[in-house]
Visitor: 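Once you've had a glance at the structure underneath, I'll fire off some questions.
Bear in mind that the values here come from a model prediction, so they are computed numbers and not experimental data. In listed order, ligands and their atoms are each counted from 1.
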Amino acid sequence: MNQPSSADKSKAVAHFNPKTIKPTDEQQAIQISPARVVLVEANAGAAKTTVLALRMAEAWTRRTRPEQILALTYTDAACQALKAALKKLGLPAVVIHQFRIQTFEAFCTQVLRELEDRAAPVYTEADQLSPVLWQAVERVADDPGERWPDHFLMPTPGDYGMVDVFVQQSEYLKGTMLDVLERNDQPVTPDYAETIGIEYTQLRIYLAFEKIRMADPQRPLFRGATDATYDLAHLLFEDGEVSTCHSWPSHVKVVVVDEMHDMNRAMFSVLQKVLTTNRCFFCGVGDVDQVIHKANGADARFMRDELAELSTHAIVRYPLTHSFRFNTSVARLAGKVANKRYASKAPYPSQVRFSPYNSVEACAAQVLADAEAFRAQHKSKTASCAILLRHPHQSVQIENALIEDGMPYETLGFKSYVLRPEVLFVRGLLAVATDDLRSVTEVKTREEVMRALLFFSGSSIVVDGREHESQQDLLASAIRSVTDNPLFLTSFFENQVLRNAPASIQKRLLAAVDIIRKPSGPDMLSALLKALHIQTLLGDALVSQRRRLEAESNLRWLSHMAERFDSPAHLFQSLNATEQKQQKQKASKAEPLLLASIASVKGLEFDAVLLPYLAQGEFPDPTADMAEEFNTLYVGLTRVRKELTIYPSTTSPSLFMKSLGLTEAEGDAALADIRKE
Ligand SMILES: Nc1ncnc2c1ncn2[C@@H]1O[C@H](COP(=O)(O)OP(=O)(O)OP(=O)(O)O)[C@@H](O)[C@H]1O
């Protein structure tokens, strides 16, 4: 692997000169590098996306047509960040529009759509995958030709964690392409399963599932979230022809890949084909400490040995030493989290502030006050502020605080808490008990409330004389009659939801409605959830273990918030009013604040970043991979340009604070140091 030679540097002169920023020598070296294969590994904010944009702009200025320039990324946010960088450099919008900038999944979907002559349905929800999965389980269990039945550890119906485990393993197998690469026509045996690190039964089920999904390889039954990349990579592995497709890039001159640290084997195989079917310049950028998708097979070696092996040209590596996004204080903290050197050179000061909290509500109030202060100080519409969360359930109190204050906000990476299915179920019960569906003003939400009532009650619709009609059609006509006349909700609840629910659930639903109707104190919602045996109810309804935990957390945080209300009717009105205010805000022209998951803003940046709820059990999440939790924190705090505020819990201190030396005496000193800069 080579470093840029001084001859390289002296020969070329930049044809593209941005007016908005002055590229540094390091950046310009990448912009004009004559090397066929260029690689940049650098810290967050060190201008990786910017140099890709510079390289694209340089090629365009040197008369490469925009459609001959291809940029591939892992996430939509990274596509958005690259477009923003091109815009910031001053490229005309029409030109940016003509560049082909896509995620690998979107790119592969486009090619497969042309090859298959149709768009395969996309299933991303556990509920959609579950029936096929159980069909696969049955096939494996009933296979008369099975030679190793003694090795089976079959899941039993009701094993609801099964879907999550399956999705995780299958995304890993597909991302790494382990089975495709290692099988070589050998039979699937317990020994073979062990060599690829998958439990034998799981592998059998995975293969049966794939057989059902791909029964007709030309017309897959459906695709999961990352299946287009895998399917195309698989096709390429089997020497399938793609280069004759219109949508296959056949005359591209420049290929760039952002966030290359997220690359897995399937993406790499597709990239390999793009590079071997085009005489092009390649530039990839990444930062190993931003890997948060290991579960999908993301591996930094694709930026290193694997690329070197693939490339017939020498790889020239360039440095980007300084972060231009933020200054010393943030850089020091990022360096601590990622345990690496971090230099910075932003043309403005950045500050880090720690705002300890002692209750969930107090934290929300502090976040609101800080967001308000930031807005008051920076009147400009372009000053951006984002509240970044590790988990969606943490939005409950913050959304309430924002709504009460009248501060417009939008969410990214999750829905507002009032629209999450389990909260809609509670809203449904409140509507039934108070006989007031009219207060739910959005028609779409009324529909969702009815669906949630039916779904979480394990119920169905039965109409005499219409037995031949599908549940979908029956529900559609029930929804029509109730949305037209909200007073019919009670009869829908009594005659359908309740009557057709399993007997044990009927009792619990009645008890719940009873609790709402009787005068009760601030723990009404906790009592209602208890009467519903909510954990069992969620467990029975939700096939995904991840979703169950998420739903439980959402309801736990909701009941905490409900303690403020003296009656169920008030709680109900407040939830409805929250939704109405959100609708109003959407219609208004006021610039919204962003409330987002950290994962969804990877690649983006904001003037102010607020990172609430650093508490043990919340962030880091003890059930997740600890290295990735650190990377998630690193991604979150490196989104900031000027003002970073971190909210550590004083009652259950986060491991992060301890391991960063940011608690107690030693931590105070470190904080003081950081603040001084
Ligand atoms: N020469 C420069 N002068 C001033 N600002 C710059 C310069 N180069 C880049 N920047 C700015 O620095 C910020 C960070 O750049 P960029 O988004 O390209 O970093 P990145 O390495 O891709 O970050 P991440 O790893 O988070 O994706 C951007 O606001 C960008 O416009």
Visitor: How would you list all residue pairs meeting side-chain hydrogen bond (donor to acceptor under 3.5 Å, both in side chains) that involve residues 73-98, not counting sequence neighbours?
Guide: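 Pairs touching residues 73-98 that pass the test: Tyr74-Asn296.
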
Visitor: Kindly state each residue pair satisfying side-chain hydrogen bond (donor to acceptor under 3.5 Å, both in side chains) with at least one member in residues 264-273, sequence neighbours excluded.
Guide: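 Every pair satisfying side-chain hydrogen bond (donor to acceptor under 3.5 Å, both in side chains) with a residue in residues 264-273: Arg265-Glu306.
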
Visitor: OG1/Thr632 to CD1/Ile292 distance, rounded to the nearest 0.5 angstrom?
Guide: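 Going from OG1 on Thr632 over to CD1 on Ile292, the span is 5.0 Å.
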
Visitor: Rounded to the nearest 0.5 Å, how far does CZ of Phe268 lie from CE of Met263?
Guide: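 Those atoms lie 7.0 Å apart.
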
Visitor: Tell me, please, which residues at least two apart from Glu399 pass side-chain contact (heavy atoms from CB on, under 4.5 Å).
Guide: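 Result, side-chain contact (heavy atoms from CB on, under 4.5 Å) vs Glu399: Ser395, Tyr409, Ser416, Tyr417, Arg420, Gln582, Leu595.
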
Visitor: In terms of the angle between their ring planes, are His322 and Phe324 parallel, tilted or perpendicular, with boundaries placed at 30° and 60°?
Guide: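 Correct class here is perpendicular.
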
Visitor: Anything with a heavy atom under 4.0 Å from ligand 1 counts, so go ahead and list those protein residues by chain and number.
Guide: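 Contacting ligand 1 under 4.0 Å are Ile21, Lys22, Pro23, Gln27, Asn43, Ala44, Gly45, Ala46, Ala47, Lys48, Thr49, Thr50, Lys88, Gln290, Phe324, Arg325, Gly603, Glu605, Arg639, Arg641.
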
